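By convention in this document, chain letters (A, B, ...) are assigned in the order of the sequence lines, proteins followed by strands, and residues within each chain are numbered from 1. What you see is a predicted model, and the numbers here were worked out from it, not measured in a lab.
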Amino acid sequence: MKKQDKAKMYRGVLDVADFELGHTLGSGQCFRWGRDVDGWWKGIAYGVAIHLKQDESGLQFCASSESVSTYAGEMDLSEFLRWYLRLDEYPRFRVSRDDKYLRQARDLMKGLRFVRQDPFECIISYVLSVQAHMTLTKRRINLIARTVGHPVDFDGKRYWAFPIPDRVATLDGQFFRKQRFGWRSERVADSAGFVAQQFGSGDATLAQWRAVNDALLERSGSGVGLKVAKCIDLFSLERLHSVPVDTWVRKFAESWYGVTGSDAKICKWGEDRWGKWAGYCNEYLFSYYRELHGGTLYDKVLSFNASDEPSAELPFDMV
DNA sequence: GGCCAGGCGCGAC
DNA sequence: GTCGCGCATGGC
């Protein structure tokens, strides 16, 4: 990186409607964002460090680059942010009058959008997320980025771009064991290696990424089972009808809808019930249920946004 | 200090 | 196909 680029900062304001930044970035869908003490959300996506703040004027942004490269093409910064945050897509749908939980959940979580995450980063993130807390998963992803990613210095802080598959594939199960990733170690290594084998640079089309995710689900030892694959589908592969079933979804399915059984059965129930918007319906209910019944402050969305505390784990180092 | 975290994989049926 | 159990680790 050239010296003069380091100091550059690209700013602007975006018009937004029916959008809530805190619900979107604080919902737990993405791992490389955090709200700092100054109230700004700070993160790194597609190799660009970005700061965001929503107020009466709209969505304020500043970032380390004026153009961003994605699997959907090269975009200028504001175009990228509209795409990344789905600012022009509105999840509007009818909810039947007798589904009171979904009505309440939707009203509370309205404004949440599914972020278009980088597919490879999303795959590794969700393999790591299995049976681990958000903050621990964030820490582990940041560790991978600091180890084999490249630094992005911005606003007096050092962010780390998530590395391409070839780079992550240089780390083996032993390395991750040493880093105390536990039994996820060999699975992260396997998935990274599998992806690297096909597109080492991480350069692939959406259709190719979908094929990779489908293959990882079939592949034993990848760490990608039904839940993880559905998360990857929903959060990075445009499959917005996906319903990932975790422990919280199982709980609300049983106590609010009387639905029990295997994860596969609950998944199919949700996808059939809610159809095209199933991903959003499930996410609303998931967030609402967890808000009511569990977790710490950082795991909640509404309480967290109502407080002025910073996130537990921020995606940068002070330099 | 025990319980459980936004599960997966394997072996028994 | 599905049920039950082991799997590392850390937070609360």
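With hydrogens and angles ignored, the 3.5 Å screen pairs a side-chain donor or acceptor of A:T70 with a backbone N or O of A:A72. A distance-only check finds a donor-acceptor pair linking the side chain of A:R35 to the backbone of A:F304 [under 3.5 Å]. When atom types are taken as modelled, the side chain of A:E291 and the backbone of A:S303 share a donor-acceptor pair closer than 3.5 angstrom.
DNA chain B is contacted by both A:R219 and A:M134; A:M134 maps to the nucleotide lying nearer its 5′ end (nearest heavy atom per residue).
Taking the side-chain hydrogen bond (donor to acceptor under 3.5 Å, both in side chains) definition, one finds that A:R180 meets it with nothing, sequence neighbours left out. Among residues two or more places apart in sequence or in another chain, the side-chain hydrogen bond (donor to acceptor under 3.5 Å, both in side chains) test is passed with A:Y280 by none. With sequence neighbours excluded, no residue satisfies side-chain hydrogen bond (donor to acceptor under 3.5 Å, both in side chains) with A:K276. Under the side-chain hydrogen bond (donor to acceptor under 3.5 Å, both in side chains) criterion, A:H133 pairs with no residue, sequence neighbours left out. Contacts of A:E254 classified as side-chain contact (heavy atoms from CB on, under 4.5 Å), with partners at least two apart in sequence or in another chain: A:T260. For A:S242, the side-chain contact (heavy atoms from CB on, under 4.5 Å) test picks out A:K230, A:D233, A:L234, A:R239, A:E271, with sequence neighbours left out.
To the nearest whole angstrom, the two P atoms, one in C:dA8 and one in B:dG1, are 24 Å apart. Using atom P as the reference point in both B:dG6 and C:dG6, the two lie 22 Å apart (nearest Å).
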Pull out every protein N or O sitting under 3.5 Å from an N or O of nucleotides 10-13 of chain B, one pair per line with the distance.
unit_1	atom_1	unit_2	atom_2	d
B:dC10	OP1	A:S220	OG	3.1
B:dC10	OP2	A:S220	OG	2.9

- Task: Let me have a per-nucleotide readout for nucleotides 1-12 of chain C, 5' to 3', with B, S or -, counting only protein heavy atoms under 4.0 Å.
- Result: ------BBSBSS
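The stretch residues 25-35 of chain A touches DNA chain B through A:S27, A:G28, A:Q29, each having a heavy atom under 4.0 angstrom from the strand. Of the residues in residues 223-230 of chain A, those lying under 4.0 Å from DNA chain B by heavy-atom distance are A:G223, A:V224, A:G225, A:L226, A:K227, A:V228.
In terms of heavy atoms, A:A145 sits closest to A:A161 at CB-O, 3.9 Å.
Going from atom CG of A:L128 over to atom P of B:dC8 covers 13 Å, rounded to whole Å.
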Side-chain donor-acceptor pairs under 3.5 Å in residues 80-92 of chain A, sequence neighbours left out?
unit_1	atom_1	unit_2	atom_2	d
A:R82	NE	A:D88	OD1	3.3
A:R82	NE	A:D88	OD2	2.9
A:R82	NH1	A:D15	O	3.3
A:R82	NH2	A:D15	O	3.0
A:R82	NH2	A:D88	OD1	3.0
A:Y84	OH	A:W33	NE1	3.0
A:R86	NE	A:F114	O	2.7
A:R86	NH1	A:E89	OE1	3.1
A:R86	NH2	A:E238	OE2	3.3
A:E89	OE2	A:R116	NH2	3.0
A:R92	NH2	A:D18	OD2	2.5

Kindly list each side-chain donor-acceptor pair under 3.5 angstrom involving residues 122-132 of chain A, sequence neighbours excluded, with atom names and distances?
unit_1	atom_1	unit_2	atom_2	d
A:S125	OG	A:E121	O	2.6
A:Y126	OH	A:Q29	O	2.6
A:S129	OG	A:Y126	O	2.9

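At the heavy-atom level, A:F286 lies under 4.0 Å from base atoms of the strands shown.
More than 12 heavy atoms of other residues, nucleotides or ligands sit less than 6.0 Å from atom CD of A:E79.
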